[in-house]
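What follows is a set of notes on a single structure, which appears directly below.
These numbers were taken from a predicted model, which means no experiment stands behind them.
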Amino acid sequence: MDEVPGKTRINLIETPYNLIDKDIVCYPNLVLYFKCRVFRLFMKPRIVYSAITVDLVKGNAARANMFPNYVPIEISESALIPQLIDNTAAVDAAAAVTLKWLRHRYKVYKAPDIAIMKQKEVYKAFFYIQDERNQDVLVDSIEGIDIDETD
């Protein structure tokens, strides 16, 4: 497959929105799926799975409810927000959040074994729409929008 100049191939998180006719901007995230072995006294270790999403612009890590489905697309390089955090720092941030969550959720007597099962750099799409007052509203392609009707 030939690369088109000015275009790049990315993995876009699947969305219920039709993005074909919209000008989208893509935000980089690193999603990791961990397998954790939490050791317990006088019992077999507990196996726990955790998905973590790391924002590759700010470096914030947060627990996710699942590893997302994604589709490969070709998009203009100008529509990509540049990644400011390297992947090793993102993996370290994700492991720290996982360890903090394990300590909160379970009694940890010994440091748990944390292994990465899956790791993927994915992008989340954002686009603008017009609301009923003809104002531009930024839409997150995963969470959608919540139109405030109190104004």
Side-chain angles (χ1 to χ4, degrees), residues 7-20 22-129 131 135-151:
K7 294 239 180 200
T8 186
R9 194 172 223 11
I10 64 167
N11 295 313
L12 186 69
I13 297 175
E14 283 185 351
T15 176
Y17 294 100
N18 183 5
L19 301 175
I20 292 172
K22 295 182 175 52
D23 291 328
I24 64 173
V25 174
C26 296
Y27 196 87
N29 291 295
L30 182 68
V31 181
L32 299 115
Y33 194 64
F34 289 104
K35 178 180 180 180
C36 309
R37 290 180 54 208
V38 179
F39 299 101
R40 304 182 293 175
L41 289 176
F42 309 114
M43 292 187 274
K44 290 182 181 178
R46 174 178 281 141
I47 305 297
V48 180
Y49 298 93
S50 179
I52 305 287
T53 301
V54 182
D55 177 344
L56 290 176
V57 175
K58 296 180 183 177
N60 299 332
R63 289 196 66 237
N65 59 352
M66 63 180 220
F67 196 87
N69 295 325
Y70 53 88
V71 292
I73 65 165
E74 280 197 17
I75 191 164
S76 169
E77 291 178 3
S78 63
L80 300 177
I81 295 176
Q83 175 181 338
L84 300 178
I85 307 297
D86 65 336
N87 285 358
T88 56
V91 169
D92 292 342
V97 166
T98 302
L99 186 59
K100 184 177 178 181
W101 174 73
L102 287 171
R103 286 185 175 147
H104 170 76
R105 180 77 171 91
Y106 305 103
K107 290 189 181 216
V108 177
Y109 298 102
K110 181 180 170 186
D113 290 338
I114 300 174
I116 298 173
M117 292 185 63
K118 287 195 265 185
Q119 174 179 340
K120 196 67 173 177
E121 189 173 324
V122 294
Y123 287 81
K124 184 193 269 191
F126 290 88
F127 59 91
Y128 281 104
I129 63 167
D131 65 0
Q135 295 177 342
D136 288 336
V137 178
L138 184 65
V139 178
D140 180 341
S141 67
I142 305 300
E143 298 172 10
I145 59 170
D146 188 20
I147 296 178
D148 187 21
E149 296 182 17
T150 59
D151 293 336

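Taking CE of Met117 as the reference point, atom OH of Tyr49 lies at 5.5 Å (rounded to 0.5 Å).
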Let me have the donor-acceptor pairs involving side chains of residues 51-71, under 3.5 Å, with sequence neighbours excluded, atom names and distances please.
{"from": "Asp55", "atom 1": "OD1", "to": "Tyr27", "atom 2": "OH", "distance (Å)": "3.0"}
{"from": "Asp55", "atom 1": "OD1", "to": "Val57", "atom 2": "N", "distance (Å)": "2.8"}
{"from": "Asp55", "atom 1": "OD1", "to": "Lys58", "atom 2": "N", "distance (Å)": "3.3"}
{"from": "Asp55", "atom 1": "OD2", "to": "Tyr27", "atom 2": "OH", "distance (Å)": "2.9"}

Show every donor-acceptor pair shorter than 3.5 Å between a side-chain atom in residues 87-114 and any protein atom, with sequence neighbours excluded, or say none if there are none.
{"from": "Asn87", "atom 1": "OD1", "to": "Gln83", "atom 2": "NE2", "distance (Å)": "3.2"}
{"from": "Thr88", "atom 1": "OG1", "to": "Asp86", "atom 2": "OD2", "distance (Å)": "2.8"}
{"from": "Thr98", "atom 1": "OG1", "to": "Ala94", "atom 2": "O", "distance (Å)": "2.9"}

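Here the side chains of Tyr33 and Lys120 are not in contact, with every heavy-atom distance at 4.5 Å or above. Side-chain contact between Cys26 and Ile75: present, with at least one pair of heavy atoms (C-beta onward) separated by less than 4.5 Å. The shortest side-chain heavy-atom distance between Asn29 and Glu121 does not fall under the 4.5 Å cut-off. In this structure, the side chains of Ile47 and Arg37 come closer than 4.5 Å at one or more pairs of heavy atoms. At least one side-chain heavy atom of Arg40 sits under 4.5 Å from a side-chain heavy atom of Arg46. Using a 4.5 Å heavy-atom cutoff, the side chains of Pro28 and Leu80 are not in contact. Counting heavy atoms from C-beta on, the side chains of Ile13 and Tyr123 never come closer than 4.5 Å.
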Worksheet item: Under the side chain to side chain contact (heavy atoms under 4.5 Å, CB included) criterion, do Ile116 and Phe34 qualify, and how do the steps go?
Response: CA-CA 5 Å; Ile116 298 173; Phe34 289 104; 3.4 Å; yes
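When all heavy atoms are compared, the tightest approach of Lys7 to Glu77 is O-OE2, 3.8 Å. In plain terms, the two heavy atoms of Asp23 and Phe127 that are nearest each other are O-CB, 3.6 Å.
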